[in-house]
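Data block below; observations after.
Positions are given from 1, in the same order as the sequence printed here. Order of appearance sets the numbers: ligands from 1, and atoms from 1 within every ligand.
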Amino acid sequence: MTGTPTIREVRAYTVRGGGADYHDQGDAHWIDDHIATPMSMYPEYRQSRQSFGINVLGTLVVEIEASDGTVGFSVTTAGEIGAFIVEKHLARFLEGQRVTDIERIWDQMYKSTLYYGRRGVVLNAISGVDLALYDLLGRIRQVPVFELLGGPVRDELQFYATGARPDKAKELGFIGGKMPLHHGPAEGEEGFRKNIELLADMRGKVGDDFWLMYDCWMSLDVEYATRLAHAASDHGLKWIEEALIPDDYWGYAELRKRAPSTMLITTGEHEATRWGFRQLLETGVDLIQPDVGWCGGITELIKISALADAHGTMVVPHGSSVYSYHFVVTRTNSPFAEFLMMHPTAEEVVPMFSPMLVGEPVPVNGRLKVPETPGFGVELSADIQKHRPYTH
Ligand SMILES: C[C@H](O)[C@H](O)CC(=O)C(=O)O
Ligand SMILES: [Mg+2]
């Protein structure tokens, strides 16, 4: 392809305070208010997820500059360690290549990091590079990323909201509300009762038809999750999310068998690559939730989504703002999207990656027409202090 720009330089920066590392919030935020986690068995780490380091990484910004001067960028969760991986390892597979060489670049990034990678922060870094490449290609072609992905299959997205206030989410026009589970097995019968009481109270507030879900953030075991699912089904819980640790594929298969058949078993935000999701899909879970900034980027999400489709399984990506919207709008097996309420009390709609991006669209009345601005359609805010810890 003559005339296709090549990649001139890859740069990686870190940024603190919200953004893609959405757990990196100030005090008194619903997202850090006694949420059940795998660390809840240790009383000293029960009240706050920041206490055990949920926000240690911070946001990674990847910028890719093409030979024609166009710059694409992305944000994900990976911070300084991600910046090191991008600058010192991954950049070599991009610089000098054509901006269209996305598939080969992904393959080389993945295979060259297998000896220390496969998932986790390495896949977050690979995802960041992949998203920045899609942003760059969209800007060079002057089309939104969803057009690079085959075009939209629906006119607009509809959203459920994740946060502490599903009752407010209903007033704001969302189709459902997903609450964090507050108490895990270590908090015994009292915690179990409180979990059910909160759900019952919320059901009373939102009425029978509004979706209510519980996000368990890897905090339960099969016994507790099964019991919770049965008790919660009396209050119309639509799904039980990420009940178990991501490595317990066998537990997910067991939970699928033992939970009420009407309740969806969902998970996947901490899973990565087509191989990880293959294993997850084989457990029989009903809905998978890859995070496009963590699972391998758009290039890998396309494969994960096709695999899920062949299993008859829905794909509703975890959070990830514009990176998710451009994908969801192009897939028939992604019928709705998640909106993470980043307002401290979850009572108002604010941009998910606030305060990092300019032009980040938000749902109005629970719906959004994905803007046609080239690339992912956002810019990094000029007010953001970015730091480049490494060069190459
Ligand atoms: C609310 C959850 O604990 C977590 O912070 C976000 C999440 O898992 C989700 O949006 O899904
Ligand atoms: Mg979740």
Please list, in number order, the atoms of ligand 1 under 4.0 Å from a heavy atom of H23.
4 (C), 5 (O)

Using distance alone, decide if ligand 1 has a nitrogen or oxygen within less than 3.5 Å of any nitrogen or oxygen in Y22.
no

Suppose I only count heavy atoms of L340 and a 4.0 Å limit; which atoms of ligand 1 are within that range?
10 (O)

Work out whether the distance between some heavy atom of M179 and some atom of ligand 1 is less than 4.0 Å.
no

What are the two closest heavy atoms between L123 and S127, and how far apart are they?
O-OG, 2.6 Å

Give the C-alpha distance, both sets of side-chain angles, the deciding distance and a yes or no for ring pair (Phe, Tyr, Trp, His ring centres under 6.0 Å) between H343 and H29.
CA-CA 8 Å; H343 182 268; H29 197 288; 8.1 Å; no

Does NZ or CZ of R119 come closer than 6.0 Å to the centre of the six-membered ring of W275, within 45° of the ring's axis?
no

Taking non-hydrogen atoms only, is E269 closer than 4.0 angstrom to ligand 1 via side chain, backbone, both or neither?
side chain

Determine whether any heavy atom of E242 lies closer than 4.0 Å to an atom of ligand 1.
no

The Mg ion (ligand 2) - closest N/O/S atom in E241
OE2

Salt bridge or not for K178 and E338, using N-O below 4.0 Å?
yes

Atoms in ligand 1 flagged as close to I31, the criterion being non-hydrogen separation under 4.0 Å:
5 (O)

Interatomic distance, H318 atom NE2 to T162 atom OG1 [nearest 0.5 angstrom]
7.0 Å

Would one find an N or O of E338, backbone or side chain, under 3.5 Å from an N or O of ligand 1?
yes

So is R227 actually on top of F192's ring, under 6.0 Å and inside 45° of the axis?
yes

Looking only at heavy atoms of E241, does any of them come nearer than 4.0 Å to an atom of ligand 1?
yes

re atom 7 (C) of ligand 1, the protein heavy-atom contact at minimum distance is D215 OD2, 3.1 Å

OE1 (E269) - the Mg ion (ligand 2) - OD2 (D215) angle, nearest 10°:
170°

Can you name the closest pair of heavy atoms from D21 and G58 and give their distance?
OD2-N, 2.8 Å

Shortest protein heavy-atom distance from atom 3 (O) of ligand 1, along with the residue and atom involved
R49 NH1, 2.9 Å

Using the six-membered ring wherever Trp is involved, compare the ring planes of W211 and F336 and label them parallel, tilted or perpendicular (cut-offs 30° and 60°).
perpendicular

